[in-house]
Amino acid sequence: ELAELDRRHLLHPWTPYGVGDQLVLVEGSGVEVTDAHGNTYLDGRSGQFNATLGYSHPRVVAALTEQAGKLMTYALLGSSNEPAVRLAARLAELLGEPDGRTLFCNSGSEATEAAIRIVRMYHALRGQPQRTTVLSLADSYHGTTLAAAAMSGSPLAWTGCGPLPEGFVRVPTPGSTVRDRGEVRPGAEALEEAILAQGAENVAAFFVEPVLGVGGIRPLPAGYLRAVREICDRHGVLLVVDEVTTGFGRTGEWFAHRREGIRPDLLTLGKGLAAGYVPFAAVTTTAEIAEAFAADPMLGGLRHGHTTSGHALGAAVSLAVLETIEEEGLIEHAAAMGERLCGGLTDRLKDLEGVSDVRGVGLFAGIEFDTFDRATQVMLGCLRAGVIVRSEGPVLAVAPPLIVNAAQIDRIVDTLHRATTAATG
Ligand code: PMP
């Protein structure tokens with residue numbers, strides 16, 4: 001009955017017709033979810049990479065319930081609320097930016113959209129209104145709203161949605177074409193070439209994901225973000241790091257850009273922030289950029305945001321999520337489980353027929369197949385065996401909740417091995 005109602009009434013995001021209704025979930029606990037027929041599955045994709053603490057985590061449920069009975073919402077437009085203030089302060093602390101400021105949003109796409117507006121308005125306020133061009137990688141994904149889609153790589157994001165907002169230019173994805181004497185190319189020099197081609201005085205910002213997620217779970221080559229930071233500084237271009245998917249432990253660190261020791265000018269956050277319990281996202285920035293908006297002649301503040309920016313319930317849940325990650329040692333745990341996952345997948349799958357590549361970092365792994373069809377077959381094989389993974393084109397994404405244990409990792413690896421063998425046999 002639910003499947004029938006689903007087919008008649010739901011429009012699924014990013015799903016071919018007739019696929020989403022196969023898995024109608026009604027319950028979740030730990031890393032497992034149960035469908036309407038009572039079948040239980042190990043969630044190897046954390047919902048949509050967001051359920052980092054799994055389902056029904058008692059601490060998060062308690063925080064959610066307590067806040068709902070206290071102050072459900074209060075807008076940050078001309079007022080404030082306690083959880084939003086505490087969360088913004090906690091994020092500044094976590095990021096090592098003592099005066100860092102946060103704008104809250106409701107989704108990763110909104111965080112991207114906000115960051116685009118912030119960088120353009122910032123340059124305009126600083127007397128450089130022509131600095132509007134936004135650069136991004138050719139295989140990036142930054143969201144589904146019009147400007148976020150216009151800067152995303154895949155034609156799936158923007159074909160047929162025009163006219164698109166202007167001022168978005170793609171930069172070749174590093175390591176995407178040739179490997180020359182061990183050096184990954186193209187590297188960051190492609191960004192500098194793009195900046196010079198546009199005229200540095202016209203470029204507002206470069207947006208980058210530390211691991212290309214929708215673009216195939218591709219970690220950026222070591223050193224790339226550091227080189228990019230230097231290039232942006234040389235040309236007055238702001239660096240926006242999109243950690244909507246990679247933030248909050250997914251890669252075995254609080255934030256993936258930390259590995260490179262860089263400080264972004266803006267950071268977009270989503271998914272793991274509220275661990276999927278409520279829609280919640282954020283853009284953080286430096287005091288210097290945030291202060292510039294005091295001089296806005298029309299408002300004397302930032303002309304951007306939403307009714308529910310900094311929703312009290314979302315902020316309270318996010319605070320509980322951050323506390324849980326810290327107190328349960330989930331960053332270190334994710335790093336250890338990530339090694340087991342990426343090591344296991346590499347050992348067991350890399351040389352199988354039909355597998356082109358196995359890669360990943362932390363609990364964010366990708367198996368690239370020779371065809372989209374084979375990836376789909378393996379995904380369906382895993383589903384029949386009770387393990388959910390997600391296909392991003394020919395790549396299967398494996399990203400279980402951070403609370404996953406060693407036996408569950410081994411089950412995911414075994415299941416993928418068996419499904420891949422069956423799909424190629
Ligand atoms: N940025 C990245 C890197 C993402 O992976 C996504 C979502 N997959 C988004 C932004 C958009 O987030 P949302 O789906 O919450 O709008």
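Just so you know, ligand 1 is whichever comes first in the structure, and atom 1 is the first atom listed for that ligand.
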Take the angle between the ring planes of F248 and W254 and call it parallel below 30°, perpendicular above 60°, tilted in between. perpendicular
Is the closest basic N to carboxylate O distance between R126 and E288 below 4.0 Å? yes
If we count only N and O atoms by modelled type, under 3.5 Å, do the side chains of E110 and N106 hold a donor and an acceptor together? yes
Return all side-chain donor-acceptor pairs below 3.5 angstrom for residues 279-286, not counting sequence neighbours, or 'none' if the list is empty.
unit_1	atom_1	unit_2	atom_2	d
T285	OG1	D265	O	2.9
T286	OG1	I289	N	3.3

Put together the list of close N/O pairs, under 3.5 Å, between ligand 1 and the protein, could you?
unit_1	atom_1	unit_2	atom_2	d
ligand 1	1 (N)	D242	OD1	3.3
ligand 1	1 (N)	D242	OD2	2.7
ligand 1	5 (O)	T245	OG1	2.8
ligand 1	8 (N)	K271	NZ	3.2
ligand 1	12 (O)	S109	N	3.4
ligand 1	15 (O)	G108	N	2.8
ligand 1	16 (O)	G108	N	3.4
ligand 1	16 (O)	S109	N	2.8
ligand 1	16 (O)	S109	OG	2.6

Euclidean distance, T132 OG1 relative to F168 CZ, rounded to 0.5 Å: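 Those atoms lie 9.0 Å apart.
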Okay, side chain of R45, backbone of A397: is any donor-acceptor separation there less than 3.5 Å?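 Not a single qualifying donor-acceptor pair exists.
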